[in-house]
Structure formats: structure tokens, C-alpha cells
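To keep things clear, I will list the structure first and then write my remarks on it.
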Protein chains: 2
Amino acid sequence: MSNFDVFFDYIQKLSGIMLSEDDKRVFTAHLKPKKLRKRQYFLQEGDVCKYTGFIVKGSARTFRVDEKGHEHILKLSLEDWWLADFESYYHLTPSRYNIEALEDLELLQITNAQVEEFLSPIPAFVAMQEVIKQNYAIANQNRLQAAISYTAEERYDDLVTNYPQFLQRFPLNMIASYLGLSPETLSRIRKNALKS
Amino acid sequence: MSNFDVFFDYIQKLSGIMLSEDDKRVFTAHLKPKKLRKRQYFLQEGDVCKYTGFIVKGSARTFRVDEKGHEHILKLSLEDWWLADFESYYHLTPSRYNIEALEDLELLQITNAQVEEFLSPIPAFVAMQEVIKQNYAIANQNRLQAAISYTAEERYDDLVTNYPQFLQRFPLNMIASYLGLSPETLSRIRKNALKS
DNA sequence: AGCATTTTCTGATACAGGTCAAGTCCCAGC
DNA sequence: GCTGGGACTTGACCTGTATCAGAAAATGCT
């Protein structure tokens, strides 16, 4: 199955709308396949995030570097997600984040201008965007709630329940940063979890 | 200025699209004015959030009660915001949150079904929804980032900078809960801030 | 005005999680 | 097959924030 077929499947499933051959041709014409090797950057701090990229294969992390030089991972992304700093993408402001490939990445990427011009007439695409924004807002709300009111252990349990794939695909120090913990604390939580 | 005029102003400003007299009639017909006294609930845990309410006047808090009976405020809302648990509203699932009026509230409320049927044909409304979802997702992302990587003091400074109105309108124990802090810690942070 | 309630502040103490340092394991590259 | 570096763990210690208790100040109610 080609990269575009993966995408067509995804959008049809998410929007509940089938794509015509014409629709598919529009996508094929404007979504630009792009490969990134592990450790390459999709976005660097200070740059404007001009593209969103649909992840066909691979994984990435979105992180910020604080004044003390410590990295904080805001987002971990896998197949079937869109890669971007949406604040920078929609507002065209310089991003505070870096987005780095953690495994070799295959993307289909596009600019917001192209989306407006070519993709917005496609109902399935508009519906997909709706669903994505909704889900993203809800997911962030849930993580926020966890961050302000759960203990470190509860947050980890949550991750195990809701995103078990993360443990397969990402090293523990990345998971720790994603949860807002030091790697040492996560290591201890996991040791305790084994006992019970 | 009537409650509807406040709303018309808001939607025209946010969407960048003027409303026709016909559009206005549609809103007037379907947005239901509703008043809540201080301490009344807009939504209770376990119920489905059937309505979104546009806040014309007043304020509210969205909070969760944990197993130990402690309250955690996820959201503080003022004029010109929409009141709802969007997860429950869009998915029609029972909410984990309570929404309570902190001051007497004047709302214009509507169900999702009515939105789909009557408001979705109005371009300004669709554009407004877009902007709101985007802003909400971005705001949550920023708060999330602050929660996992900032100290208590940095989070408070952030609030002072970005939402100074909150300090005028909400008591400090609510602000503390919103920041994920105990009231005592917030009190100490404020005391320290005075010195420097 | 006077009383009750809520909000805010202060001090003492406890604990979750961070930091630093060292050690083990494991895999990638020569 | 060796080796160097990253990933993960463990232990000792430290710090920020929570918790508990009580006092003071502000607010609301009759």
C-alpha cells in the first residue's frame, strides 16, 4: 500500500466520507512526500512552522529547551498523526518548539495556504480537520487535568492505559520527559509497579 | 446594549464576517437566554453537557472532585467565552466535571443538535467555531507546557502577565486550584513577589 | 452594628519528586 | 570481538510544595 493509500484510508475513516477519484488526484498533487532520517529536525525553535506533515511511518517528539538547557517533551507522535506546532502554523509566529524525528519518518506535507486553496473544497478534508481539532483540544484538556491534579504515579498509570504503544516505541527517558518527570523518578515508579 | 447585541459584536469581530438581518433572526430564535445565580450549577458531574452557553455577563469555574474529595479547577471562564465541557458536549458522554457560577451568570445557550441544524449554514458562525477550537487547543497546549515544565512561581507570573483580569475577578484559592497549587503555596509566592 | 463564615496568611512539619553520583547493561560502530 | 556511549537503575541527599493547625482579616447576613 502506497503512502497515499494509507492517507486515503485514514481520512475516509475519520471523516466518514468516501473520496472521489478527483479528490484523490487533488491530494496527490498537493501533499508532498518527505522523508526525514532519525535525529533530523522537522521544525527548529525560532522558525515558523510552515508545514503540517501527516505521519505515514515513524515517530517524532515536540520539545522545548528551557533557560537551564533542560528539554521538556510536550508531544510524542506516531503514525496517523499530524506533525506541527499548530500555534506557529496557524498564527505564522516563530515557534518555541523543536520537532525531531525519533525514528526514520515518512511524511506527506502541505502548507496552510495550500490547504486553504486546494483542500478546503473537499468535504472529507474539512470534516477530518474538525475531528482532529476537537480530539486534540480534548486530549490536551485531559492531559492538563492530569498534570495539575494527578501524582507522578497516576500519570504513568494513565499512560499505560491510554497509550500503551508509547512504551513499545519510545525510550523511557522520553516518556519521563513527556510526563513531566525525571528519568530516575519514572524508573522508581516502574519498580514499585512490579511489586503490586 | 442587549445580550444579543453583545453576542453579535463578538461573533462579527472574531469571524471577520458581518451578520445579515436574517442571520441575526436565526440566532435570536435559537439561542436561549438563561440566568444562573451565583453557586448554581451549569453542569454536574455524571450528566451529559447538552448545552454550550455564551457568557454575556458573570463568571464560572469548571472543576473536578478527586477520590479524596479535593477540588481541582480546570478552567475559569469570564465574559465572551463559551461555557461547556466540550468532551461531553461533542461525544455525548457523561461529564467528569462540574461547572458552577462564581458570579451571577447571563448566558445564551444552545444544543449541539440546534447548532448543526440552524447555525452551521451561517458562515460567520462556522468561522467563529474554527477560531475558538484553534484558540482553545493552543491555550491548553500552553498551559500544559507550563504545568509540566514551570515551577509554581513561574506559572503564577505567567498568569499575572497573560490573565491579569483573573486576579480582579477570582478569589486566590480559586486561582491556586487553577494553577494546581495549594492556597498556602500561592500565598507564599505572592508574599515573595512583593519583596523583589 | 454584631456575629458567623469564608478567605487569606503564617509557622511547623512531612513527603514527593528532583538532583547528583556511580554502576550495570546493552547495542552500534569500528 | 572489542569498545565507547547511551539507556536504565540504584542510592544518598536536597528542595519545593503539600499538609496541618491556628490566627488574622475580610466578607456576608440578620
Side-chain angles (χ1 to χ4, degrees), chain A residues 37-40 59 61 63-73 76 100-104 145-160 166-196, chain B residues 37-40 58-59 61 63-73 76 100-104 146-160 166-196:
Chain A
R37 304 280 311 275
K38 188 174 173 169
R39 311 229 173 151
Q40 281 188 300
S59 61
R61 64 176 178 139
F63 68 101
R64 182 180 79 90
V65 181
D66 71 20
E67 318 73 48
K68 292 176 201 145
H70 297 158
E71 298 179 353
H72 301 275
I73 296 179
L76 290 169
E100 181 200 23
L102 291 177
E103 300 170 322
D104 290 357
Q145 206 250 119
I148 63 173
S149 70
Y150 285 13
T151 63
E153 190 171 351
E154 289 168 331
R155 297 209 295 281
Y156 175 69
D157 291 345
D158 234 48
L159 180 97
V160 172
F166 278 20
L167 291 167
Q168 313 303 318
R169 298 284 292 274
F170 301 111
L172 291 171
N173 55 358
M174 302 280 169
I175 305 264
S177 176
Y178 175 81
L179 292 172
L181 300 173
S182 69
E184 292 94 331
T185 298
L186 181 59
S187 174
R188 290 179 183 113
I189 286 171
R190 285 165 53 83
K191 195 167 111 184
N192 279 333
L194 288 181
K195 288 187 208 151
S196 48
Chain B
R37 304 277 313 275
K38 188 172 174 173
R39 308 229 176 150
Q40 281 189 300
S59 61
R61 64 177 179 137
F63 68 101
R64 182 179 78 90
V65 181
D66 70 19
E67 319 72 49
K68 291 176 201 145
H70 297 160
E71 298 179 353
H72 301 276
I73 295 180
L76 290 170
E100 183 199 23
L102 291 178
E103 301 169 322
D104 291 356
I148 63 173
S149 70
Y150 285 13
T151 64
E153 190 170 351
E154 288 168 330
R155 297 210 294 283
Y156 174 69
D157 290 345
D158 235 46
L159 180 98
V160 173
F166 279 18
L167 291 167
Q168 313 304 318
R169 297 285 290 275
F170 302 111
L172 291 172
N173 55 357
M174 302 280 168
I175 304 263
S177 177
Y178 175 82
L179 292 173
L181 299 174
S182 69
E184 293 93 332
T185 299
L186 182 58
S187 173
R188 289 179 183 115
I189 287 170
R190 286 163 53 83
K191 194 167 114 187
N192 279 332
L194 289 180
K195 289 188 209 149
S196 51

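Just so you know, these numbers use all the heavy atoms, side chains as well, and skip hydrogens, waters and symmetry mates. Proteins get letters first, then strands, A, B, ... in listed order; numbering begins at 1 in each.
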Point to revise | Approximate separation, where rounding is to 0.5 Å, of A:I189 CD1 and A:L186 CG | key: 6.0 Å
Study note, to complete from the structure: For A:R188, the salt bridge (charged side-chain N to carboxylate O under 4.0 Å, His left out) test, sequence neighbours excluded, returns none
Study note, to complete from the structure: The reported gap from OG in A:S187 to CG in A:L181 (rounded to nearest 0.5 angstrom) is 11.5 Å
Practice item. Sugar-phosphate atoms are those with a prime plus P, OP1 and OP2; base atoms are the rest. Using that split, label each nucleotide of nucleotides 23-30 of chain C B, S or - for protein heavy atoms under 4.0 Å, 5' to 3'. Key: --------
Review point. Taking side chain as C-beta onward, heavy atoms only, is A:Y178 less than 4.5 Å from A:F166?
Key: yes
**Study point:** d(CD1, A:I175; C1', D:dC8) in whole Å
**Key:** 13 Å
Study note, to complete from the structure: With sugar-phosphate taken as primed atoms, P, OP1 and OP2 and all else as base, the protein-contact string of nucleotides 10-20 of chain D at under 4.0 Å (heavy atoms; B, S, -) is BBB----SSBB
Check your understanding: Can you check the A:H72 NE2 to C:dG18 P distance for me, whole Å?
Key -> 11 Å
**Study point:** Whole-Å gap separating C1' (C:dT8) and CG (B:L167)
**Key:** 14 Å
**Study point:** OG on A:S149 to CD on B:E71, rounded to 0.5 Å
**Key:** 12.0 Å
Exercise for review: Report the distance from atom CZ of B:R190 to atom P of C:dT7, rounded to the nearest whole Å.
Suggested key: 15 Å
Review point. In Å, rounded to the nearest 0.5 Å, how long is the span from CG of A:L102 to CE of A:M174?
Key: 5.0 Å
Practice item. Quick one: list whatever passes side-chain contact (heavy atoms from CB on, under 4.5 Å) with B:D66, sequence neighbours left out. Key: B:R64, B:K68, B:H70, B:H72
Exercise for review: Would you mind reading off the distance between A:R169 atom CZ and D:dA7 atom P, rounded to a whole angstrom?
Suggested key: 17 Å
Review point. Got a sec, which residues hit salt bridge (charged side-chain N to carboxylate O under 4.0 Å, His left out) with B:E184, two or more places apart in sequence or on another chain?
Key: none
Check your understanding: B:K38 NZ to D:dC29 C1': how many Å, rounded?
Key -> 13 Å
**Study point:** Check: B:I73 and B:I175 side chains under 4.5 Å, non-hydrogen atoms
**Key:** no
Study note, to complete from the structure: When B:R39, B:R169, B:K38, B:R37 are each screened for salt bridge (Lys or Arg N to Asp or Glu O under 4.0 Å) with B:E103, the one that passes is B:R169
Practice item. Would you kindly give the CE-to-C1' distance between A:M174 and D:dC8, to the nearest whole Å? Key: 13 Å
**Study point:** Bending between helix ends of the helix from C:dA1-D:dT30 to C:dC30-D:dG1 [5 pairs per end, 10° resolution]
**Key:** 50°
Check your understanding: Will you find, in the side chains of B:Y156 and B:R190, an N or O donor that is under 3.5 Å from an N or O acceptor?
Key -> yes
Review point. Are A:N173 and D:dC8 close enough that a side-chain N or O sits under 4.0 Å from OP1 or OP2?
Key: yes
